[in-house]
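Scope of the values below: all heavy atoms of this structure, side chains included, with no hydrogens, waters or symmetry mates.
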Amino acid sequence: IADKGCRMKFQVNNKEVFASTGGQPFDKEKPLIIFVHGSGLSHITWVLQTRYFAFHGYSVLAIDLPGHGASEGPPLKSIEDMADWISDVISAVGYQEASLVGHSQGCLVLIECASRYPEKIKSLSLMGGAGAIPMNPELLSLAEDGNPKAVELMMDWAHGPGGHFGGHPVPGLHHMNLGATIVKNGSVKVLGVDFRACDNYKNGFEAAKNVKCPTINILGDKDKMCPLKEGKKLAGSIENSEVEVIKNCGHMILLEEADQALSILKGFVKENHPPN
């Protein structure tokens, strides 16, 4: 494991993995939280949440999935493979268990992971999740062809009214441009692999029934990619899961309403996986 103070690299299945550690050195004496990004994205989407936990008693890994960001490829082609990979990440960094935080596609991955490896998962925080994420055929085709139009359509569809208007908490940044830049800095074809994995995944609700750890579903009431009713349907399949709805917010909750998302995460994770 190579730790550079605010980022680290390690090996999983003989491939190099990159993760941000939230601005603090990785410390194996602290409880672990792993943040899992959505389709075509990278660890950068979590920058407004990870720093808090890194400075308040946790070790943080905001990972780049294989083939995304700075992690070695190729990208994994199924949600099931990604779920197994998350379990391998926990072991690779020397832990027995972790709390997991996921967005969008990341929620599918975490549900499947918690179903397969219940002893490894301390808590689940699902942001903009659903039990299934069927893809629009035209958008899927554009992404698999590597057409940049797929990114524009994704960002337009993923953001609610606030995201379209602006209002990013970091001066000079715009929600939609930030998300599009993250995808374009990677590979649009990776986005196509992710979209296909989401479209193929049919086990979400069955996996959800097997989740026994504390779980929270953070949902946007203006989410068009994973509509509110679908997020609530998923929550209803998970035993004793909590639901928090953020008003006037689309699918990109972690960027559109970063402060509210963090506030909810802080309360939930601290209660169910206390810091040292």
Side-chain angles (χ1 to χ4, degrees), residues 36-41 45 65 67-68 75-86 100 102-116 124-160 163 176 179-180 182-183 186-211 215 217-238 241 243 245 249-254 256:
V36 183
H37 60 76
S39 296
L41 297 168
T45 55
L65 288 166
H68 298 67
L76 302 174
K77 293 185 177 181
S78 74
I79 298 299
E80 291 87 349
D81 285 349
M82 296 177 204
D84 290 341
W85 186 83
I86 294 295
L100 305 180
H103 171 245
S104 191
Q105 172 190 293
C107 296
L108 298 181
V109 175
L110 300 194
I111 296 163
E112 184 67 27
C113 183
S115 174
R116 292 180 176 220
L124 285 185
S125 300
L126 308 175
M127 198 175 298
I133 308 180
M135 300 305 304
N136 176 284
E138 181 183 356
L139 179 58
L140 178 57
S141 178
L142 288 169
E144 290 186 319
D145 289 342
N147 190 325
K149 182 69 174 176
V151 182
E152 297 171 21
L153 289 172
M154 171 185 167
M155 286 299 132
D156 180 63
W157 195 245
H159 286 83
M176 293 175 66
I182 293 169
V183 177
S187 167
V188 180
K189 287 197 172 182
V190 170
L191 179 64
V193 174
D194 287 347
F195 280 175
R196 178 62 67 182
C198 289
D199 199 58
N200 286 342
Y201 183 65
K202 310 301 182 187
N203 194 51
F205 291 107
E206 286 304 310
K209 293 175 184 177
N210 296 327
V211 174
T215 303
N217 299 265
I218 305 171
L219 308 171
D221 70 342
K222 305 296 185 186
D223 191 336
K224 292 185 285 187
M225 294 196 81
C226 293
L228 179 61
K229 66 177 182 179
E230 293 300 322
K232 288 184 173 180
K233 183 179 175 182
L234 172 62
S237 300
I238 300 173
S241 70
V243 174
V245 178
C249 184
H251 187 61
M252 296 298 287
I253 299 165
L254 68 180
E256 290 183 67

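Using a distance-only test at 3.5 Å, with no hydrogens or angles considered, a donor-acceptor pair links the side chain of Asp221 to the main chain of Cys249. A distance-only check finds a donor-acceptor pair linking the side chain of Asn136 to the backbone of Leu139 [under 3.5 Å]. Side-chain atoms of Asp199 come within 3.5 Å of backbone N or O of Met135 as a donor-acceptor pair. Panel note: side chain Asp223, backbone Met225; a donor-acceptor pair is recorded below 3.5 Å. Side chain of Lys229 to main chain of Cys226: no donor-acceptor pair is present (N/O by atom type, distance under 3.5 Å, no hydrogens or angles). Between the Glu230 side chain and the Ala130 main chain, no donor and acceptor come within less than 3.5 Å of each other.
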Quick one, Ile133 with Leu108, criterion side chain to side chain contact (heavy atoms under 4.5 Å, CB included). Give me CA distance, side-chain angles, the key distance, then yes/no.
CA-CA 8 Å; Ile133 308 180; Leu108 298 181; 3.8 Å; yes
Applying side chain to side chain contact (heavy atoms under 4.5 Å, CB included) to Val109 and Ile111, what does each step give before you reach the verdict?
CA-CA 6 Å; Val109 175; Ile111 296 163; over 6 Å; no
Report the C-alpha separation of Leu126 and Ile218 in whole Å, then their side-chain angles, then the decisive distance to 0.1 Å, and conclude whether the side chain to side chain contact (heavy atoms under 4.5 Å, CB included) test is met.
CA-CA 6 Å; Leu126 308 175; Ile218 305 171; over 6 Å; no
Report the C-alpha separation of Gln105 and Tyr201 in whole Å, then their side-chain angles, then the decisive distance to 0.1 Å, and conclude whether the side chain to side chain contact (heavy atoms under 4.5 Å, CB included) test is met.
CA-CA 10 Å; Gln105 172 190 293; Tyr201 183 65; over 6 Å; no
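Counting heavy atoms from C-beta on, the side chains of Leu153 and Leu142 come closer than 4.5 Å.
Between Leu100 and Cys113, the shortest heavy-atom contact is CD1-SG, 4.3 Å. Across every non-hydrogen atom of Asp194 and Gly40, the tightest pair is OD2-N, 2.7 Å. Ile253 and Gly128 get closest at one heavy-atom pair: CD1-N, 3.6 Å. Listed here is the closest heavy atom pair of Ser241 and Ala235: OG-O, 2.7 Å.
Atoms CG and CG, on Leu110 and Leu124 in that order, are 6.0 Å from each other to the nearest 0.5 Å. Atom CG of Asn203 and atom NZ of Lys209 lie 10.0 Å apart (nearest 0.5 Å). With rounding to the nearest 0.5 angstrom, the CG atom of Leu41 is 7.5 Å from the NE2 atom of His103. Here the CD1-CZ distance, from Ile238 to Phe205, works out to 9.5 Å after rounding to the nearest 0.5 Å. Atoms CE and SG, on Met82 and Cys198 in that order, are 7.0 Å from each other to the nearest 0.5 Å. With rounding to the nearest 0.5 Å, the separation of SG in Cys107 from CG in Asn217 is 8.0 Å.
A side-chain donor-acceptor contact under 3.5 Å links His251 and Ser104. Looking at Asn210 and Ser115, their side chains do bring a donor and an acceptor atom within 3.5 Å of each other.
Environment of NZ in Lys202: crowded, with over 12 heavy atoms of neighbouring residues, nucleotides or ligands closer than 6.0 Å.
Within the structure, every pair that satisfies the salt bridge (Lys or Arg N to Asp or Glu O under 4.0 Å) test and touches residues 102-114, not counting sequence neighbours, is listed here: Glu112-Arg116.
Ring centers of His68 and His37: under 6.0 Å apart, within the cut-off.
When the side-chain contact (heavy atoms from CB on, under 4.5 Å) test is applied to Asp81, the partners found at least two apart in sequence or on another chain are Leu76, Ser78.
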